[in-house]
Structure formats: structure tokens, C-alpha cells
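Comments concern the structure below.
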Amino acid sequence: MNISSAIFDRSAPDLDSCPDESLPEFAFIGRSNVGKSSLLNMLAGKGILARVSTTPGFTKLINFFTMSKTWRLVDLPGYGFAAGAKQESARFNKAVARYLKHRPNLCCVFALLDSGLAPQEIDLEFVEWLARNSVPFVLVFTKTDRGTPEETAANIAAFTQRIAGWFEQLPEIFRCSATTAQGRSELLGVIGATLDAIPAEPELTESSSPVFLPAEEVEPPFKMQVRAGTLREENPRAKKKLKGARPW
Ligand SMILES: Nc1nc2c(ncn2[C@@H]2O[C@H](COP(=O)(O)OP(=O)(O)OP(=O)(O)O)[C@@H](O)[C@H]2O)c(=O)[nH]1
Ligand SMILES: [Mg+2]
């Protein structure tokens with residue numbers, strides 16, 4: 001997929017400050033420092049759009065980037081980082097949860113996991129939270145350039161094993177490196193396929209006068225593409241621990 005332009009739109013502190021819902025969005029989420037901003041830059045391929053830092057918790061707002069004037073990449077603040085004003089961090093986390101749960105034009109979330117680490121509890125809980133809240137997502141293992149292919153494969157297998165029992169169907173899994181650009185064409189493929197699946201708006205001809213539907217009959221501009229695996233109903237862990245609470 002060709003990206004003709006990549007332009008920073010805005011940084012939003014909450015859902016109400018986000019841009020209008022007219023364009024499909026693809027968001028990056030994951031623990032602080034997992035490589036969300038780096039991956040966004042790698043995918044966009046237009047130099048440095050999102051700022052990258054070795055300091056965890058660097059991205060603090062919801063950052064919107066308009067691609068090819070027709071869709072958006074969204075860089076979200078990371079979870080699992082406790083430094084900084086606690087109150088401020090809680091406010092942003094709430095904003096992220098609201099964005100993930102209530103943004104009608106959010107097509108797919110890239111849930112990032114560090115391929116160099118064994119399964120982390122907070123990531124497992126976060127993935128479960130995404131699934132239970134019907135957020136469409138794929139799993140993206142980052143920084144694959146750092147470990148050997150065997151180490152990466154072992155960490156992915158361990159994570160998959162931990163979540164396998166929760167799902168009827170597992171979410172899709174990708175391996176990426178912002179350094180070597182591994183996974184770029186695969187993730188752009190996910191975006192392209194999702195965009196292609198969005199039905200085109202019917203064109204108004206001169207003879208067809210616009211029909212105004214009552215508010216409750218108006219469809220959102222496009223339906224979310226459900227890429228996430230489906231959770232098993234009888235997941236006792238989920239019932240016990242997650243009552244809509246945010247794990248991060
Ligand atoms: N070797 C390697 N380093 C990476 C890769 N992706 C990110 N990094 C490094 O990891 C650190 C964190 O990267 P960021 O992209 O800022 O991570 P983030 O998830 O956006 O972090 P927060 O905004 O703090 O939540 C930086 O030092 C990056 O250079 C990768 O694919 N390979
Ligand atoms: Mg960042």
C-alpha cells in the first residue's frame with residue numbers, strides 16, 4: 001500500500017478533543033517503551049512523525065496522524081508506567097480506555113508486545129480487556145531485531161499458550177522491527193484490507209434528493225472490522241477479575 005502523505009493532526013487529552021470521526025483509524029497501544037511511536041514512524045515511512053524516547057511514558061496524549069488524507073494512525077500513551085503525577089497518569093489512562101471503547105471509527109488496534117520478554121501479566125490482562133470490550137485488535141511483537149529468531153519464537157509461543165485457553169479463535173500475530181522494517185508490508189496489508197472492506201458511500205445523483213433518517217437509524221460511517229479472536233464464554237478468569245475494570 002502506498003502512503004502519499006503523512007501529516008500530524010493533533011494531540012488530544014481526552015475523547016472530546018479528538019478529531020471528527022470521518023476517517024478510519026488504526027491505533028498503537030502497549031506498555032511504555034514497547035515501541036509504539038517507533039512502529040508508527042516505520043509504517044508511515046516518512047521520517048520522524050511521532051517522537052521516540054528511551055524514557056518510558058514519553059507519549060502522554062492521544063496523537064493523530066492523517067495518512068494519504070484518507071485514514072489515520074493514532075499513537076496512544078503506554079500503560080504500565082507509574083512515574084509522573086499519579087492523578088495525571090490516571091486521567092490519561094481513562095482517556096485511552098474511553099477512546100478504545102467508544103471511538104466508532106477505530107478500525108483496528110495494534111496491541112504491541114516486546115518480543116524479547118516472556119509473557120508479562122499486565123500485557124495478558126490488557127489483551128483480555130481488549131477482547132472483552134470487543135475492541136478489534138491484532139498482536140504485534142516488536143523489536144524482533146534484538147533477539148535471535150529462536151528467542152522471539154519462544155516468547156511468542158509462551159504468550160500464545162497463555163491466552164489460547166481464553167479464545168475460540170486466536171487474534172492474528174505479527175512480528176515487527178522498527179529498525180529492520182520487518183512486518184511493515186504485513187501491517188500495511190492489514191490496514192489496506194480493512195480500508196478496502198469499508199463500503200463506499202453511495203453517491204448522490206442530481207435526481208436523488210437526500211433522505212434524512214431519524215438519528216437512531218443512522219449507521220456509523222463504517223462498521224468496525226472484528227479481527228480479534230473471540231473470547232470463550234466460560235472463561236472463569238475473566239468473570240472473576242474483569243468487570244469492565246481497566247487492568248492498567
Ligand atoms: N532495537 C530496536 N529498538 C526499538 C525498536 N522500536 C523501538 N525501539 C527503541 O525503544 C525505545 C522506545 O521506543 P518508543 O517508540 O518511544 O516506545 P513507545 O512505546 O512509544 O514508548 P512510550 O511513548 O514511552 O509509551 C526507543 O529507544 C526506541 O529507539 C525496534 O524495533 N528495535
Ligand atoms: Mg511513544
Side-chain angles (χ1 to χ4, degrees), residues 6 8-14 18 25-65 67 72-86 88-97 99-100 108-127 129-130 137-153 155-156 159 173-188 190 246-248:
F8 171 72
D9 179 308
R10 76 188 71 183
S11 296
D14 52 39
C18 292
E25 289 173 356
F26 301 85
F28 299 82
I29 186 80
R31 261 180 324 115
S32 292
N33 226 241
V34 71
K36 299 175 290 297
S37 302
S38 303
L39 184 64
L40 186 148
N41 290 332
M42 184 272 267
L43 280 192
K46 302 279 173 194
I48 295 172
L49 276 180
R51 288 175 66 199
V52 168
S53 170
T54 47
T55 312
F58 189 74
T59 306
K60 292 196 170 68
L61 299 164
I62 304 176
N63 295 305
F64 292 87
F65 301 88
M67 317 304 289
R72 296 188 189 116
L73 288 177
V74 183
D75 191 17
L76 294 168
Y79 54 80
F81 178 63
K86 232 184 174 178
E88 190 176 272
S89 152
R91 189 162 71 86
F92 287 126
N93 286 346
K94 200 172 164 193
V96 172
Y99 171 83
L100 292 171
C108 185
V109 170
F110 298 116
L112 272 53
L113 304 156
D114 191 328
S115 69
L117 299 178
Q120 307 284 300
E121 284 305 318
I122 195 163
D123 289 332
L124 291 160
E125 290 183 6
F126 182 72
V127 163
W129 183 91
L130 284 177
F137 71 97
V138 298
L139 298 177
V140 178
F141 286 86
T142 62
K143 307 187 186 183
T144 53
D145 58 285
R146 283 195 172 163
T148 64
E150 292 73 27
E151 285 162 353
T152 301
N155 288 329
I156 294 177
F159 194 91
I173 292 173
F174 297 90
R175 295 158 194 238
C176 287
S177 162
T179 306
T180 66
Q182 185 190 10
R184 184 171 187 267
S185 56
E186 289 82 355
L187 289 191
L188 288 180
V190 168
R246 283 177 289 124
W248 75 101

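Remember, it's a predicted structure, so these values are computed and weren't measured experimentally. In listed order, ligands and their atoms are each counted from 1.
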Any pair counted as side-chain hydrogen bond (donor to acceptor under 3.5 Å, both in side chains), so long as it reaches residues 109-120, sequence neighbours left out: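 For residues 109-120: none.
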At what distance, to the nearest 0.5 angstrom, does [atom1] of [X] lie from [atom2] of [Y]?
X    : Y    : atom1 : atom2 : result
L187 : Q182 : CG    : CD    : 10.0 Å
L39  : R184 : CG    : CZ    : 10.5 Å
I29  : D123 : CD1   : CG    : 10.5 Å
N41  : L73  : CG    : CG    : 9.5 Å
R51  : L40  : CZ    : CG    : 14.5 Å
D75  : L61  : CG    : CG    : 10.0 Å

Within-cut-off N or O pair, [X] and ligand 1, under 3.5 Å:
X   : answer
D75 : no
R51 : no
P77 : no
V52 : no

When you compare the side chain of [Y] with that of [X], does any pair of heavy atoms fall below 4.5 Å?
X    : Y    : value
L76  : V109 : no
R31  : F126 : no
N155 : L117 : no

Element-labelled atoms of ligand 1 that are located less than 4.0 Å from some non-hydrogen atom of G78: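 Near G78, meaning under 4.0 Å from one of its heavy atoms, ligand 1 has 25 (O).
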Numbered atoms and elements of ligand 1 in range of A178, under 4.0 angstrom, heavy atoms: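 In order of numbering, the contacting atoms are 6 (N), 30 (C), 31 (O).
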Near the Mg ion (ligand 2) (under 2.8 Å) - protein N, O or S atoms: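 Within the sphere that stays under 2.8 Å of the Mg ion (ligand 2), the protein atoms of type N, O or S are S37 OG, T59 OG1.
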Looking only at non-hydrogen atoms, find the nearest pair between [X] and [Y] and report the distance.
X    : Y    : value
F8   : F65  : CD1-CE2, 3.5 Å
K143 : N33  : NZ-O, 2.7 Å
V34  : T142 : O-OG1, 2.8 Å

Aromatic plane relationship, F28 with F110 - under 30° parallel, 30 to 60° tilted, over 60° perpendicular: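 F110 and F28: tilted rings.
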To which protein heavy atom is [atom] closest, and what is the distance rounded to 0.1 Å?
atom                    : answer
atom 27 (O) of ligand 1 : T54 CG2, 3.2 Å
atom 11 (C) of ligand 1 : S53 O, 3.7 Å
atom 21 (O) of ligand 1 : N33 N, 3.0 Å
atom 2 (C) of ligand 1  : T179 OG1, 3.4 Å
atom 10 (O) of ligand 1 : K143 NZ, 3.1 Å
atom 15 (O) of ligand 1 : S38 OG, 2.6 Å
atom 3 (N) of ligand 1  : R146 NH2, 3.6 Å
atom 23 (O) of ligand 1 : T59 OG1, 2.7 Å

Proximity flag S177 to ligand 1, non-hydrogen atoms under 4.0 Å: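 Contact check S177 vs ligand 1: positive.
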T142 near ligand 1 by a heavy-atom separation under 4.0 Å: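 Distance cut 4.0 Å: T142 fails for ligand 1.
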Side-chain donor-acceptor pair present, E125, Y79, cut-off under 3.5 Å: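 No - no donor-acceptor pair under 3.5 Å links their side chains.
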K36 and ligand 1 - part of the residue with a heavy-atom distance under 4.0 Å: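 Near ligand 1, K36 shows its backbone as well as its side chain.
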Under-4.0 Å heavy-atom contact with ligand 1, by part of D145 that carries it: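 For D145, only side-chain atoms sit under 4.0 Å from ligand 1.
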